[in-house]
Number of protein chains: 2
Amino acid sequence: MKKKEAILKVATVLFANKGYPDTSMQELSRLTGAAEGTIFYHFGTKEGLLLAILKQTRETIVRQFEEFLEAREFGSGLSRVEETVSFYLYLAGFLEDQFLLLHRHHVYQFSETNPEFREHLEEIYNCLTDFFEWAIIAGQEDGSINPELHPRKTALILFTMVDGLVRFKNYNLYDAGALFNELMNACRTMLQAPQRNN
Amino acid sequence: MKKKEAILKVATVLFANKGYPDTSMQELSRLTGAAEGTIFYHFGTKEGLLLAILKQTRETIVRQFEEFLEAREFGSGLSRVEETVSFYLYLAGFLEDQFLLLHRHHVYQFSETNPEFREHLEEIYNCLTDFFEWAIIAGQEDGSINPELHPRKTALILFTMVDGLVRFKNYNLYDAGALFNELMNACRTMLQAPQRNN
DNA sequence: ATCAAAACTGAGTGACCACTCAGTTTCGGC
DNA sequence: GCCGAAACTGAGTGGTCACTCAGTTTTGAT
């Protein structure tokens, strides 16, 4: 099982950083110390290797978020949203290669023809959006979040913002870290329940 | 000049939709009716072809935004932001292939070694962010937008949101159109100047 | 110690790739 | 109509690619 794990690990880094078509099995073989034949023995095809990586990514991300949710006690629903956003950004740094892979086009391309790809992707995105939505609903129940907002759609808008920031970071377009405070402020302002007049 | 234009046009569609490495010169030759040699006669290398497409994309996007800005009369700064966001989304649909290309990894990969790529990309992103920033500054001057917001950073957050939505649409992850109203609401709420108490 | 299954090997294969080049056709100014 | 330049051609080239397969090594249960 040693070689199989090494291949998965190295291939994740290469597919995420160099891209799927630009990573050759020869290179993968050289960097893992496994023969080319070994890779095909374990994963069948190059596409099969990418699928195995996506599966592992899904399991890791979902588990990490579930552990976060279990371990944390939240104050208001609004602060739960804020902490979820923070955790998303932390995780995108901690699991940098996996999140980069999710911004790569090949997983979406394969998902158009291979239902297993689509299933993993949907699970990941549904899971992430759910965590935002639950936090919003909690906030609407405790009065810290505007009750007129549509929870699911607002969760998607939040997700859009956070995921866009991760993309900026990954592409080195801007110093995304410098935007953290602005992002949190924007989230807070757009969600906040309308203030009562004095 | 007929063949050169046809190659640019078809290559834009293929690079954007199939990806750069998955598009072969043979295929490009077949679809344009130009010989393979013709492509290399005009663009030198495959990378040179991508660069020419990026250059054209930059020119088109920048020109379109400038025309939009000249033609429109805006009410408040806040409504100028809203119209800029709308126009961005409209343009991302109208120039679908070009915007898809900007979400492809290869242009960023080449920009790490080829300064011409980086220059075009920076120009595009700076230009887009500028338009958001100017609208925010206008809104802060006429009192429709919270004066405590950092114009540039807030412009980047706006850009993150809008660009993230375009990405969702391009990847068919969600019905992005259904989020339009929520996006506009979110922008309005996060920018709005604090309401005076009655 | 034995043995079958699982893991692993790496040279070999055919297909495809970006790119070349020697030659042909088209175009525009006179 | 002539001529040089620009546009265009497509068979050919060397290299790389994903994948195969016949054979070897490792593993673990008995």
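Residue numbers start from 1 in every chain, and the chains themselves are labelled A, B, ... in the order their sequence lines are given, proteins ahead of strands. Small disclaimer: the values here were computed from a predicted structure and weren't measured.
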Quiz item: Near B:Glu148 CD, under 6.0 Å, is it more than 12 heavy atoms from other residues, nucleotides or ligands?
Solution: no
Quiz item: Is a donor on one side and an acceptor on the other found under 3.5 Å between the side chain of A:Ser111 and the backbone of A:Tyr108?
Solution: yes
Quiz prompt | A:Leu31 with A:Leu100, same ILVMFWY side-chain cluster at under 4.5 Å | solution = no
Identify the pairs formed between an N or O of the protein and an N or O of nucleotides 8-13 of chain D at a distance under 3.5 Å, and give each distance.
from	atom 1	to	atom 2	distance (Å)
D:dC8	OP2	B:His42	NE2	2.3
D:dT9	OP1	B:Lys3	NZ	2.8
D:dT9	OP2	B:Ala35	N	2.8
D:dT9	OP2	B:Thr38	OG1	2.7

Quiz item: Below 6.0 angstrom between ring centroids: does that apply to B:Phe159 and B:Tyr88?
Solution: yes
Self-check item: Within 6.0 Å of CD in B:Glu122, more than 12 heavy atoms from elsewhere
Solution: yes
Exercise. Starting from P on D:dA22, measure out to CZ on A:Phe40 and report it in whole angstrom.
Key: 17 Å
Quiz prompt | Within residues 15-29 of chain B, residues whose heavy atoms come under 4.0 Å of DNA chain D | solution = none
Quiz item: Just how far, in rounded Å, is P of C:dA7 from CG of A:Leu8?
Solution: 14 Å
Practice problem: Take the protein atom CZ of B:Phe43 and the nucleotide atom C1' of D:dA7, then report the distance between them rounded to whole Å. | Solution: 13 Å
Quiz item: Does one hydrophobic cluster hold both A:Leu78 and A:Met184, with members joined at side-chain heavy-atom distances below 4.5 Å?
Solution: yes
Exercise. Grab the CD1-P distance between B:Ile7 and D:dA7 for me, whole Å please.
Key: 12 Å
Quiz item: When you check the gap from the basic side-chain N to the acidic O, do B:Asp175 and A:Lys153 get nearer than 4.0 Å?
Solution: no
Quiz item: Charged N to carboxylate O under 4.0 angstrom, A:Lys9 versus A:Glu5?
Solution: no
